[in-house]
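Structure record follows, encoded as structure tokens.
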Amino acid sequence: MSETPPHDTADVLVVGSGIAGCAVALQAAREDADVCLITKAERPADASTDWAQGGISTARGDPEALKRDVLAASDGTADPNAVDVLVREADAAVEDVLLETLGIGFDEREDGAFDYAREAAHSERRILHVDAATGRHVLRPFLNYLDDHDRIEVRQDTAALELVTHEGRVHGVLTDEEPTGNPIYAGATVLATGGIGALYPRSTNPDGATGDGISMAALAGADVADLEYVQFHPTAFDGEEPFLLSEALRGEGAVFRNGDGRRFMTEYHSDAELAPRDVVARAVATEREETGEVVLDVSPIAFDAEFPTIAESCREHGLEGAEIPVAPCEHFLCGGIDVDDRGRTSLEGLYAVGECARTGVHGANRLASTSLLEGLVWGLRAGEAAAGRKAKPRVVDATELRDSDPALPERFSAEKFTRLQRTMNDSLGLERDPDGIARASAVLRRLKGEVDAYTRTRTSRELYELRNACVTALLIARAAGENPESRGCHHLVREDAPTAEPEVPR
Ligand SMILES: Cc1cc2nc3c(=O)[nH]c(=O)nc-3n(C[C@H](O)[C@H](O)[C@H](O)COP(=O)(O)OP(=O)(O)OC[C@H]3O[C@@H](n4cnc5c(N)ncnc54)[C@H](O)[C@@H]3O)c2cc1C
């Protein structure tokens, strides 16, 4: 047996510091586990959670109504059992963690009641928010709370590079801490690594959303599912630096106009601007193509007063009037590492939560403001399950990463990322066709082969992020290629592609 390298141990190891990872850490510590949370983030803003705008959905005392909306938005594809878990536990989780533990001051009306907002495809006002900058008002207090917790160690700027596996079980991760590849062994390892925005040239996500967890889990043999369902948000600013214009704007009354100045959403869906996201995103793309541009007209709402943070972003981008040019933009991955109702993956000792996981809640298309909620609910459930296993960390022989060759020039990763993003945009965007998907798969396979050759003897975070992006992109292409049915976010433009009718009437 080789000499054991320096290592750390934890009962529960959490990878990622968004809402999902934080919720796991909190609950596992409540169950008396010693928790280590590592994150490659150097500041809260490196997690999508910090960027969340519109808010967090509650059930507002009516789980069945929320369930109907989640199922309808998913085009009838969400798993009803998973949705039951989400809607049943929504209000208690928000009350317990966000209100009682963290004391988040969600916006209130003058009478002191919560100012519940409405967003697209929600039949009711049930979304708690702080201005349209909810994420940072949730995540920063959450991280502060964990920092002060004596059972939780948070290590920033520490990336997981690989899972440590032994005889089919996961025992922790290799990190990019010195010495390179330093392992952390754990009784339970929980991936909470967020989304995949960096796979596309235009995304609302932070740059570090490179699909690390999905790739690491898949390479270790874990099941993944629903990866073809990449959600594009209909209203990102149509400029060099896309930023999100929350669905809450339409919830309050903002409308689209095309290049001819005409409202058009009523021609696409009976719910017009409040139709499910995939429908609206495709309508916006079509109208942009046919009439040159689409703007979001915010003149019907009190934009500056109700949405000061978004109004400020607009001013920073030189936008003065009430008409904001918009275009669809990659936003969220509905699928991911396949998990059960406690976040357990198909691999012993490995859990996944948040955007990197596929719980079944979103099916082919996610309902607005349910991602923070899913991260919170599944985070608490997975934290409890991971701590409850009482498996002690075991030091096993971990693969030693080789870092023997000189570092690659910075432009290496940047060039490969550009190729990957172009391929994803051209063939795995809002609309796809089988030939394009097949061509993209071939390009991505070659790209992954090139990158693999470098990772054999080099261990930089950038290179591993590129490797993870390649693996995740390939998995998305494979899932898209294997699904001949247009549904939700997976829309095939081939004339003979079958389109399913929604199973759940709105
Ligand atoms: C602009 C924007 C607005 C949004 N608005 C809303 C909204 O209003 N309501 C809503 O419900 N949802 C919203 N969403 C979606 C929602 O914010 C995300 O889906 C959700 O926050 C994901 O949480 P998470 O904990 O899974 O991941 P994240 O919050 O993305 O956190 C992932 C963490 O993992 C870390 N990480 C990644 N890889 C590694 C690695 N290899 N090693 C160590 N650490 C790693 C990252 O640094 C990060 O800390 C929005 C998203 C965006 C981008």
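Read the numbers this way: they start at 1 and go in the same order the structure lists the ligands and their atoms. Just so it is clear, the structure is predicted and the values come from calculations on it, not from any experiment.
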On a heavy-atom basis, which atom in [X] and which in [Y] lie closest, and how many Å separate them?
X: Tyr200; Y: Gln421; answer: O-NE2, 3.6 Å
X: Ala33; Y: Arg151; answer: O-CD, 3.4 Å
X: Glu374; Y: Gly354; answer: OE1-O, 4.1 Å

Full working for side chain to side chain donor-acceptor pair (under 3.5 Å) between Asn365 and Asp75 = CA-CA 7 Å; Asn365 183 50; Asp75 203 357; over 6 Å; no
Check whether any side-chain heavy atom of Ser413 sits under 4.5 Å from a side-chain heavy atom of Leu408, and report yes or no.
-> no
Nitrogen or oxygen of [X] less than 3.5 angstrom from that of ligand 1:
X: Phe332; value: no
X: Ala20; value: yes
X: Leu373; value: no
X: Glu119; value: no
X: Gly21; value: no
X: Glu355; value: yes
X: Ile19; value: yes

Per-atom contacts, ligand 1 versus [X] - under 4.0 Å to a heavy atom:
X: Asp212; value: 38 (N), 39 (C), 40 (C), 41 (N)
X: Thr39; value: 35 (C), 43 (C), 44 (N), 47 (O), 49 (O)
X: Gly194; value: 26 (O), 27 (O), 30 (O), 32 (C)

Would you tell me which option among [options] has the nearest heavy-atom contact to [atom]?
atom: atom 48 (C) of ligand 1; options: Ala23, Cys356, Ala47; value: Ala47
atom: atom 19 (O) of ligand 1; options: Ala41, Ser215, Ser371, Cys329; value: Ser371
atom: atom 53 (C) of ligand 1; options: Thr204, Ile56, Val14, Thr175; value: Thr204

Hey, is Leu244 touching ligand 1 through its side chain, its backbone, both or neither, going by heavy atoms under 4.0 Å?
-> side chain
Taking the six-membered ring of Phe332, is the NZ or CZ of Arg366 close enough (under 6.0 Å from the centre) and on axis enough (within 45°)?
-> yes
Report the nearest protein non-hydrogen atom to atom 14 (N) of ligand 1: residue, atom name, distance rounded to 0.1 Å.
-> Arg366 NH2, 4.0 Å
Does any pair with a residue in residues 203-221 pass side chain to side chain donor-acceptor pair (under 3.5 Å), and if so which ones, sequence neighbours excluded?
-> Lys40-Thr210, Lys40-Asp212, Ser203-Glu330, Thr204-His331, Thr210-Asp212, Asp212-Asn468, Ser215-Asn468
Indicate, with yes or no, if the rings of His129 and Phe106 have centres closer together than 6.0 Å.
-> no
Applying a strict 4.0 Å limit to heavy atoms, is Val173 in contact with ligand 1?
-> no
Do Ser369 and Glu119 have a side chain donor and acceptor closer than 3.5 Å?
-> yes
